[in-house]
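Single-structure report; data block below.
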Amino acid sequence: MDGTKPVMESTTEENQEEREESKGCFECCIKCLGGVPYASLVATILCFSGVALFCGCGHVALTGTLTMLENHFSQITTDHATLTIVMQTMQYVIYGIASFFFVYGIILLAEGFYTTSAVKKELQSQFKTTVCGRCITATFVFLTYILGLAFLGIFGFSAIPVFLFYNMWTTCAAMKSPMANITDPDSICVDVRQYGIIPWNATPGKACGSTLGDICSTSEFYLSFHLYIVACAGAGATLIALVSFGCPIS
């Protein structure tokens, strides 16, 4: 009897230690999860998704738009040389935006982790945040709002091609509608020169009647139209993410 008692006591002590270790691990996990800045995490995912949609779809849409203009609206290279340079420059800008926001999103997420942890520890009176840390956080908030204003302009600018393509699509749909009673289809035209995309001396500069309907049926038009819509939505998602970053982190 005396020989088995120490064995039973040691077994009980080991079970208690295991329960304490498992409890400590659980409490540690809960503590770690409590320090996650979920608002910043969601904003980061939204920012990455929005930038990816805007940059990827915008790049392909610009290429398709240039192809469509060269084939149907400006068949002389010198007429759209400036437009080609502008679109290529915009594509390079898209590369820069994608690279910048990939790095900036990671920095903001790290800042969110730091700020959330610092605020919770300060509430628990474990330590006080420094003036330098507050200045860094304020700098990031200010820069994020500046980028938000910039992306507000980008969002508005990205809506312009959606509007132009939508007008062209509705014109084609109206001509093809069985309810339409059009005596002279060739009188219905879309002149892209009036939007300032190509100069007034570009040839032909406009498409009318069945030619316009054929253009609306091309893959360049269909793909570019929908990609511009997705790119505009991506710009809007990025704008929302930047505004969320600028709000107090929780």
Side-chain angles (χ1 to χ4, degrees), residues 42-109 143-144 146-170 172 190 192-199 202 205 207 214-245:
V42 172
T44 302
I45 297 174
L46 186 62
C47 181
F48 284 163
S49 301
V51 171
L53 290 175
F54 172 75
C55 294
C57 295
H59 184 277
V60 179
L62 287 173
T63 303
T65 302
L66 184 59
T67 301
M68 187 179 66
L69 289 173
E70 290 176 349
N71 293 336
H72 304 288
F73 294 97
S74 180
Q75 299 175 356
I76 301 176
T77 306
T78 55
D79 290 342
H80 59 268
T82 304
L83 178 64
T84 302
I85 296 174
V86 171
M87 286 192 171
Q88 290 176 350
T89 303
M90 292 175 64
Q91 289 178 333
Y92 284 117
V93 171
I94 285 176
Y95 294 146
I97 292 175
S99 303
F100 172 79
F101 273 93
F102 176 76
V103 177
Y104 192 70
I106 295 176
I107 294 175
L108 286 181
L109 182 60
L143 181 58
T144 301
I146 295 299
L147 292 173
L149 292 176
F151 241 91
L152 179 62
I154 293 175
F155 175 69
F157 180 77
S158 63
I160 296 176
V162 176
F163 173 74
L164 299 180
F165 272 77
Y166 178 76
N167 284 344
M168 191 172 176
W169 177 77
T170 52
C172 293
V190 171
V192 297
R193 294 174 297 183
Q194 63 182 342
Y195 301 115
I197 300 174
I198 55 178
D214 294 337
I215 294 174
C216 292
S217 301
T218 59
S219 59
E220 292 85 4
F221 176 83
Y222 183 82
L223 182 62
S224 298
F225 181 31
H226 290 83
L227 286 178
Y228 276 126
I229 295 175
V230 178
C232 184
T238 306
L239 177 61
I240 295 173
L242 291 174
V243 173
S244 300
F245 273 129

Problem - Partner residues of I85 under the side-chain contact (heavy atoms from CB on, under 4.5 Å) criterion, sequence neighbours left out - result: T89

Practice task
Sort and list the pairs that fulfil ring pair (Phe, Tyr, Trp, His ring centres under 6.0 Å) and have at least one residue in residues 44-77, not counting sequence neighbours.
Solution key: F48-F102, F54-F151, H59-Y95

Handout entry: Separation of D79 CG from S74 OG (nearest 0.5 Å)
Key = 4.5 Å

Handout entry: Short side-chain to backbone donor-acceptor contact, S158 and F155, under 3.5 Å
Key = yes

Practice task
Return yes if some donor-acceptor pair links the side-chain N/O of T218 with the main-chain N/O of I215 below 3.5 Å, else return no.
Solution key: yes

Exercise for the section: Verify the neighbour count for atom OH of Y166: are there more than 12 heavy atoms of other residues, nucleotides or ligands below 6.0 Å? Expected result: no

Practice task
Please step through side-chain contact (heavy atoms from CB on, under 4.5 Å) for the pair E70 and T84, ending with a clear verdict.
Solution key: CA-CA 10 Å; E70 290 176 349; T84 302; 4.2 Å; yes

Enumerate, atom names and distances included, each donor-acceptor pair closer than 3.5 Å involving a side-chain atom of residues 224-239, sequence neighbours excluded.
unit_1	atom_1	unit_2	atom_2	d
S224	OG	E220	O	2.7
H226	ND1	Y222	O	2.8
Y228	OH	T65	OG1	2.9
T238	OG1	V51	N	3.2
T238	OG1	G234	O	2.9

Exercise for the section: Calculate, to the nearest 0.5 Å, the distance between atoms SG and CZ belonging to C172 and F221 respectively. Expected result: 6.0 Å

Fill in the blank from the handout: Rounding to 0.5 Å, atoms CD (Q88) and OG1 (T63) come to a distance of 9.0 Å

Exercise for the section: Kindly compute the distance separating CG (L242) from CG (L143), expressed to the nearest 0.5 Å. Expected result: 9.5 Å

Exercise for the section: Calculate, to the nearest 0.5 Å, the distance between atoms CG and CG belonging to L62 and L66 respectively. Expected result: 8.5 Å

Exercise for the section: For the residue pair L83 and I198, establish whether any side-chain heavy-atom pair is separated by less than 4.5 Å. Expected result: yes

